[in-house]
Structures are given as structure tokens and as C-alpha cells.
There are 2 protein chains.
Amino acid sequence: MNIGKAAEISGLPPKTIRYYEEIGLVVPDRSENGYRDYSDVDGHRLKFLQRSRSLGFSIEECRMLLSLYDDKHRASGDVKSLAQQKIDEIEEKIAQLNGLKTTLGNLVRCCHGDHRPDCPILDDLAGKEPLNS
Amino acid sequence: MNIGKAAEISGLPPKTIRYYEEIGLVVPDRSENGYRDYSDVDGHRLKFLQRSRSLGFSIEECRMLLSLYDDKHRASGDVKSLAQQKIDEIEEKIAQLNGLKTTLGNLVRCCHGDHRPDCPILDDLAGKEPLNS
DNA sequence: CTTGACCTTCCAGACGCTGGAAGCTTTAAA
DNA sequence: TTTAAAGCTTCCAGCGTCTGGAAGGTCAAG
């Protein structure tokens, strides 16, 4: 199939699919006219990439997952630990974002938000009398 | 003060400070020897940038915050709404990450994680019998 | 035969730095 | 005084992950 069809079934834009070829993730055959020719297996791999990318795996992690997927003798534990590690990273990010939210929330609560020129938020950013954090 | 000192008091690496000059955020004077010469005000602005970047504001948002900071007649409401908008973005990101976490958590729970070659996580990524999402 | 959709390649840009090379100046120690 | 180290300069390139655009080839429909 052409790249347009591959894009349709994988849910990835053609530009992204070409990029994935460039970095060696999914390298299709070529038709006589020079067009990329994706097999069904290629289509599966692209869909696999779309799904794992959307779950927050990096390109290199996806490469690893793909090679585990290709390896018929791999242990499922390898995959599980990669996923667990990803969960830990996500939790860490959430914790950081919650911290930011709290700090910004404090700032916003302290700001009267009217037309007066003094503003506790800017005062805090400038390092005056820190509210917190 | 030289860039090293400015780095020290702002908490930003020299490379970053040079970059901020390049994009016009903080442009210092120059000494006779060609070295950057940061005033105390420059130092404050760098610290301001360090703090607002660490709170998740983008460079362009920081530029806006700095100009609000410079403008003695600005309304604090402008700043407040920018901060509130940032909070909304953060909440949105947290919600997305929680969704990812749930999905990955389901996958991990379903995976036996031993040495057997079949793996529900890879099966899901490949699009077989979706567990959720 | 023409139009328009689709395909190709290549180059550049987005964000926000970060690293390194090559070559200054200044400072401190031997 | 010489020398070595630290700090400064500029310029160029790269990180990750695409995304946009230009210039041009190919194909299917009317």
C-alpha cells in the first residue's frame, strides 16, 4: 500500500511515517515508480508505534518495544519492567506538575487581579518576599 | 558583573544566559575587553526568568511577564489571567498523564511478567483485543 | 488534455537549550 | 617571570520529534 493508506490505517501523518523510515523504525519496499510500498506487517508496526508513542514511550523505547515484539523468545518480564518504569516516570511528572500548580495557585489567590499596578505574582517572580516554594 | 557571577546569582548556566541575550530577553552592556557586563537590574531579570521558567512558563510567556513587570502601569489582572491559564494547562496535562498511567497500569497488571514469551502488553500495543482506552 | 490528488526529495524551523572547538583575557601559583 | 588554569568570546552543530514548504514526478478522473 502507498503511504497515504498506511497513514490512514496507522493513524500517523505521512510526514511522521517518512520520519520513522529515516530513523530506521519501519522501512518499506519501493514500487517501480519509487513510491513507498507498505506491507500489512509494516502497517501493524506503524499502528504499534502510534499506540506506544501515544502512551508516552520515547522513540528509542518504541524501538526497544518493537524489537521485543519481533523477538519470539523474549520474556514478558522485560516488557513489563519497561512499562512499570514508564509509570514511575509519569507519576514523577504528575508530582512535579502538582507542585507547580500549588505554587501558581497560591500566587493567583494572593493577586487581587484588578487594575491596580502592584501584583504579588510579579513580586514573587522577582524574588520579593517569597510566598512559598 | 561578568557572566559567571550573573550565572551564580540567577541560578542559570552561562550558556543559557547567552541564549537569553541572543533572543533579546536580557541584553547586557559590554566591558572594554568585550566581556558581558551585567548590571544588578540584569541580574534581577535573570533571576525572574529562572523562577518563571521553573514554574513552567514558556520563553514567550516569560517575555510577556517581563514586559508586564517592566510596565509600571500594567494591571495585575493581566498577570493573574496568564497565571490562571497556566494552571489550567497544567491541570490538563495532569489529567492526560493520569489517563496514561491508568492504561499502562492495566497493561502491567495483566502481564504475568515471567519468562514466557507471550505478553499482553505487546499484544495490546499491536492492537489485539484492546484492554482499554 | 487538463486538473487535482498523491507521491517524491530536500531544506529549514520549531523549542530551549547544550556541547564542543578555537582562540581570547585575566588571575593565581611556582 | 613564566606558565598554567580558569573564565571569557564567537560560531557551529545537535538533542527529540516532528512539521511545513518548495519544487517536481506520477496517477486517476472527467
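Residue numbers start from 1 in every chain, and the chains themselves are labelled A, B, ... in the order their sequence lines are given, proteins ahead of strands.
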Any A:Ser58 side-chain nitrogen or oxygen under 4.0 Å from OP1 or OP2 of D:dG16: no
For A:Val27 against A:Gly24, the heavy-atom pair lying closest together: CG2-CA, 4.1 Å
Euclidean distance, atom CG of residue A:Leu49 to atom P of D:dG16 [Å, nearest integer]: 16 Å
Interatomic distance, B:Glu32 CD vs D:dT9 P [rounded to whole Å]: 15 Å
Sugar-phosphate or base contact per nucleotide [nucleotides 20-27 of chain D; S, B, -; heavy atom under 4.0 Å]: BB---BBS
Review item, side-chain donor-acceptor pairs of residues 86-100 of chain B, under 3.5 Å, at least two apart:
residue: B:Lys86; atom: NZ; partner: B:Gly56; partner atom: O; Å: 3.4
residue: B:Lys86; atom: NZ; partner: B:Glu61; partner atom: OE1; Å: 2.8
residue: B:Lys86; atom: NZ; partner: B:Glu61; partner atom: OE2; Å: 3.2
residue: B:Lys86; atom: NZ; partner: B:Glu89; partner atom: OE1; Å: 2.9
residue: B:Asp88; atom: OD1; partner: B:Gln84; partner atom: NE2; Å: 3.1
residue: B:Glu91; atom: OE2; partner: A:Lys101; partner atom: NZ; Å: 3.4
residue: B:Glu92; atom: OE2; partner: B:Gln96; partner atom: NE2; Å: 3.3
residue: B:Asn98; atom: ND2; partner: B:Ile94; partner atom: O; Å: 3.4

Partners passing salt bridge (charged side-chain N to carboxylate O under 4.0 Å, His left out) against A:Arg36 (at least two apart in sequence or in another chain): A:Glu21
Rounded distance in Å - CG (B:Asn2) to C1' (D:dA6): 12 Å
CA sep, side-chain torsions, deciding dist, call: A:Leu104, B:Phe57, side chain to side chain contact (heavy atoms under 4.5 Å, CB included): CA-CA 11 Å; A:Leu104 281 173; B:Phe57 290 95; 3.8 Å; yes
Residues that B:Ala6 engages under side chain to side chain contact (heavy atoms under 4.5 Å, CB included), provided they are two or more places apart: B:Met1, B:Ile17, B:Tyr38, B:Leu46
Sequence-distant partners of B:Pro14, side chain to side chain contact (heavy atoms under 4.5 Å, CB included), two or more places apart: B:Ile3, B:Ala7, B:Arg18
Whole-Å gap separating C1' (C:dC17) and CD1 (B:Ile3): 13 Å
Touch class at under 4.0 angstrom, heavy-atom based, for A:Pro13 against every strand present: sugar-phosphate
Whole-Å gap separating C1' (C:dG16) and CD (B:Glu60): 11 Å
Nearest-Å distance for atom pair NZ/P, residues B:Lys5 and D:dA6: 19 Å
Proximity to DNA chain D (any heavy atom under 4.0 Å), residues of residues 17-29 of chain A only: A:Tyr19, A:Tyr20
Residues which pass salt bridge (charged side-chain N to carboxylate O under 4.0 Å, His left out) with A:Arg63, listed by chain and number, not counting sequence neighbours: A:Glu60
Nearest-angstrom distance from the residue atom CD of A:Glu61 to C1' of D:dT17: 14 Å
B:Lys15: partners by salt bridge (charged side-chain N to carboxylate O under 4.0 Å, His left out), with sequence neighbours left out: none
Under 4.0 angstrom between B:Arg30 side-chain N/O and D:dC8 OP1 or OP2: no
Contacts of type side chain to side chain contact (heavy atoms under 4.5 Å, CB included), residue A:Ser39, not counting sequence neighbours: A:Val41, A:Asp42
Distance test, side-chain N/O of A:Arg36 to OP1/OP2 of C:dT9, below 4.0 Å: yes
B:Thr16 vs C:dG16: side-chain N/O to OP1/OP2 distance below 4.0 Å: no
Rounded distance in Å - CG (B:Asp37) to P (C:dT25): 17 Å
